Number of protein chains: 4
Amino acid sequence: MSSRIDVGVLGATGMVGQNFAALLANHPWFQLTWVGASGRSAGKKYGEATSWRLDGSMPESVANLTVNECKPGNVPKLVFSSMDADVATGIEQQFAEAGHIVVSNSKNFRMYDDVPLLVPEVNADHLALIKLQQANRGWKGAIVTNPNCVAVPLAMALAPFKKYGITKFITTSMQAVSGAGYPGVASMDIIGNVIPFIGGEEPKVEEEPLKILGDLVDGKVTYLNAKVSAHCNRVAVVDGHTLTVSVELSQKPTKEQLLEDIRNFRGLPQERNLPSAPPVPLLYMTEDNRPQPRRDISRDGGMTVTMGRLRPCSIFDWKFVTLGHNTIRGAAGAAILNAELMHSEGLL
Amino acid sequence: MSSRIDVGVLGATGMVGQNFAALLANHPWFQLTWVGASGRSAGKKYGEATSWRLDGSMPESVANLTVNECKPGNVPKLVFSSMDADVATGIEQQFAEAGHIVVSNSKNFRMYDDVPLLVPEVNADHLALIKLQQANRGWKGAIVTNPNCVAVPLAMALAPFKKYGITKFITTSMQAVSGAGYPGVASMDIIGNVIPFIGGEEPKVEEEPLKILGDLVDGKVTYLNAKVSAHCNRVAVVDGHTLTVSVELSQKPTKEQLLEDIRNFRGLPQERNLPSAPPVPLLYMTEDNRPQPRRDISRDGGMTVTMGRLRPCSIFDWKFVTLGHNTIRGAAGAAILNAELMHSEGLL
Amino acid sequence: MSSRIDVGVLGATGMVGQNFAALLANHPWFQLTWVGASGRSAGKKYGEATSWRLDGSMPESVANLTVNECKPGNVPKLVFSSMDADVATGIEQQFAEAGHIVVSNSKNFRMYDDVPLLVPEVNADHLALIKLQQANRGWKGAIVTNPNCVAVPLAMALAPFKKYGITKFITTSMQAVSGAGYPGVASMDIIGNVIPFIGGEEPKVEEEPLKILGDLVDGKVTYLNAKVSAHCNRVAVVDGHTLTVSVELSQKPTKEQLLEDIRNFRGLPQERNLPSAPPVPLLYMTEDNRPQPRRDISRDGGMTVTMGRLRPCSIFDWKFVTLGHNTIRGAAGAAILNAELMHSEGLL
Amino acid sequence: MSSRIDVGVLGATGMVGQNFAALLANHPWFQLTWVGASGRSAGKKYGEATSWRLDGSMPESVANLTVNECKPGNVPKLVFSSMDADVATGIEQQFAEAGHIVVSNSKNFRMYDDVPLLVPEVNADHLALIKLQQANRGWKGAIVTNPNCVAVPLAMALAPFKKYGITKFITTSMQAVSGAGYPGVASMDIIGNVIPFIGGEEPKVEEEPLKILGDLVDGKVTYLNAKVSAHCNRVAVVDGHTLTVSVELSQKPTKEQLLEDIRNFRGLPQERNLPSAPPVPLLYMTEDNRPQPRRDISRDGGMTVTMGRLRPCSIFDWKFVTLGHNTIRGAAGAAILNAELMHSEGLL
């Protein structure tokens, strides 16, 4: 294990930071040796600075790390970032300038033309934007991002449809409370209830998939040319965002072709057998009433996106249900898979 | 009170039957004097034959009624029906033949050309189908139906858009467990979960609004000529179906015009001040995160449909959220309002 | 209505304050004309200063009141208080000194020897402590308190047992999230979960009932001489605290005697027909599986305490279940009933 | 793996049967090769006969087994039983007569004097009752049982107190819906609610721990001489029964002694490192608000019982919270650990 790569986490005491700590505790390639948080926590042991909100107990290996301020200097080259949006821009930039590879879950840099917004099974080739980024900005390091927690399963579920020409898609999300961090949604607001609004969510869900599903042409990403509309809702679920999706295609495949495409969908993470890669990234369930968040969200450590109910749509062409684990596949696990992909490309 | 009209309930021991009993207990026009159920319950007191599942206790006035078999003969002229679909056809027909006015919540007769499928604020004029029905079938009585519990708020919310030419609408429902009757949804299936499927629901949601929003032309209903697609889901909510809706229009009103139309939306029930009519049948809420089922479902005894979040849709024209009480406005209360409308028309 | 008594609310924008506003909106005796909150809100309209968290919408009559700072001067004589514990002591004292009757839901003064801790059906005679209080403290006004939201149903349910000599009682509470205010319990902490701890709750549950059930002797309260032990838990319920109770008695009544005592339990509020008094303050339910919070909490506007499952205890004498509405009977409604009692005594 | 012991499951299609199938899928000692169910299912593939209700998907190895009727003959010697109580007596007896070791989760035989009611960490020596059983009944086989799902964590949590002389204990349970099987508790009964009653549960919780904690004297079990009182409730939790417990002791250990006893509590399963044995069978959590079912129930595959909040009780001596996984540690996992214990004793 001594040959594992040292890694750090920026924003380590928050909810996504805790997920990084949990997922990295037994990682075969990466070893969490550095944790950064706000000045308030700096100098304390991670175990003292952090109110652990995940199931089970905090891994002992991380509990004893001393929390640092989020400044470069004596920090591992590879850092994961789960900083709050209001501070992420400055700090991530500072680390990239200082030569760090910043693999970020924050939204701040996602939509820049020279920043990869990655789902490794879908658009691993977008990593090439790093060159553009370094040229543009004069950085030795780089920033690589993963998408919003709804955009990940949405883009993955739509990926097999791409070759038939996606022209429109509309989605309604039923999102878990863990997506709001901690304390997040008040229990009085959600027990036996639905909240038909999540601040700032719909624009992300409408924009990010178009970049992810875009093509790399001459070193730049051409967005998918499709219209998108999203309705985002909060429901009384702990983990797992469920989406209904209707999609219009320019070509007209049969249901059998689509099911075959979905079932055969694989990417570089599967080819290269990356440590966090689920064997079947897009699992199609044949039961009428699946996928369901509580029952299906934890497959392969939360990295599998599930789908079901593919059927004709009387307005567009097809409609279906898809589900992804928002804090794993849609946050910390997504970033770790991005880093694994980069390592497999020799970029670390 | 001695001048109240005697009424009966077919299928009185089930969940919708219990809602009829609760809503009729203090009704100013109708007096529940007759309850019918399966042979198994016949002869018992209603209070013994029925496991009361609603909040609070069973009204004493109904507890002491003796349960009858569902056969005509010494039954009030006006009967509400909440029979199971597998027996409703024969029994409702038998009562209509025998001269009863059957105001039914069952789905069996909803889509026949000569049966009114009513939302009194929207298509009260469809009551004229009764003449056709009696002519066609040689009945002295009649069957009048109310729509499915999702179709009611959907049709009401779309009614103000109708004058602008509705061409397409797509909806995702998040439906309460009370819609499945009792015991209905198993708690193991829904705590902390979403079930993305409700058997037989999507076709009803896609078809019924087109009849409700249709025009009466030459004594027959011409369906609304629109494409509809529905995604139906069950969520951990007790009462109240929440819908996201996107709608395409042939004309292009401004948001202000639409809001004014929604806010001014009234119908015969309001004009005539029917006992169960909510003063504002379609209440538009301006808060970003409303309506919410647990907080908004009980307005005006559950008869108000609430709306919110009207905003442009990047695929169609407009999108919004709407919410209706599935066992009141979408079932027993709907039928009672239908009967009140008929009484105000002199049809009882 | 012009003859209603003007009242104010200290801490009007918080959760209990909102309950005061809702319950006073149509009160036959009291008219809410003054609202006080922190300096941050002062000067704003109540409707702007307050995020309304209750079902339905804010009453318009209160929405237009201007929020004041919590200082005496041009304030109605009768003020309800739902101040946070960290500021209640000073402010309530200041108002009492200035001649106000402070009817408080805050815990700060509950356990003082010269402050009534009232459940009007149980210990209305403790109001006599006001004289002692005014003598001790030189106040023209007075402070009167209601108990903790668990102590209310516990004391009411035990009241009929008192004449048989209560020597020990042990209780486990399953408490609603609304008891924690807003935002209170995080949804991630309670969906599909139980939290077996509520900070500061068990001592209150163990102490307050002994004062409430105590006897007024020579103008002072002699506490009930019983041992008490409490286990307090939070469950995924919106409103309503459910308690299991085992109780030891020095005398040995039969079950029939106890049931008769419970069913006949009435107090001054019923005798005098006070506006908020439930006709049957302690409703015994005979069904095996009742009372249940969601189904039974709203009887008589939330002022009825329900009981059930009275049966022998193999360790003590009897065990049972009881349930009370924590924000109504256990907070704002309790205080209003206290004020009604005082009015009926000519103390306002 | 070819050397694994063949085992069968009686009642394999029910909820506990499904848990047996899941837990045995990768068991190092036992191989599930035979499944029995009612005549209705016999002859079908297990995968067709069974509606899978657990998280994830049915193990493929069991899906292809053919379901048999529950009759001896060509059945493995070791059979686990999760039969319904109304048929378990006859069938389990028939198998024991025919020489099978029946390791049963059913309640039918638990309280017979010659049937072990085992928690392997607590009373492994009670296995000696098998000799008495075989002598009494002339069986070549035997029946061994595990306790009710509340009795298991209750007995385990009390085991470290036993040496100080347990004289009384009182418990209130907050039980998960999975304890009621499928469909079990209706969602309308439990969303946002508590049901203060579980049919037939309290007597089991009051009796079984006294046998489990009893001493084997001269080949027979002398029950623990303590008074017990239980209050059983259903709450909106999927898995995991949480108990509050107050206990009276004849000796007076310090809190430090008790905590040391709890932390050092181990049994034969740990000594012998049985496959399903958790390393720490009774995990004491020091956080104020733990254990919590959703967060702590899955430790060590659901076999760890957790405790917390040990503090003085003002009526008895000590009070605390304990939690166990009802379908694993309180049902299928318990039976499998019993079988492992028997194997380690050379009894299979």
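Quick caveat: nothing in here was measured; it's all calculated off a predicted structure. Just so we're on the same page: letters track the sequence lines, and every chain starts at 1.
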*Heavy-atom distances under 4.5 Å only: say whether A:Arg290 touches chain D with side chain, backbone, both or neither.*
side chain
*Measure the OG-CD distance between D:Ser57 and A:Glu287 for me, rounded to the nearest 0.5 Å.*
6.5 Å
_Please check if the number of heavy atoms outside A:Arg266 that lie under 6.0 Å from its CZ is greater than 12._
yes
*Atom pair CD1 (D:Ile297) and CG (A:Asp55), whose distance is rounded to the nearest 0.5 Å*: 11.0 Å
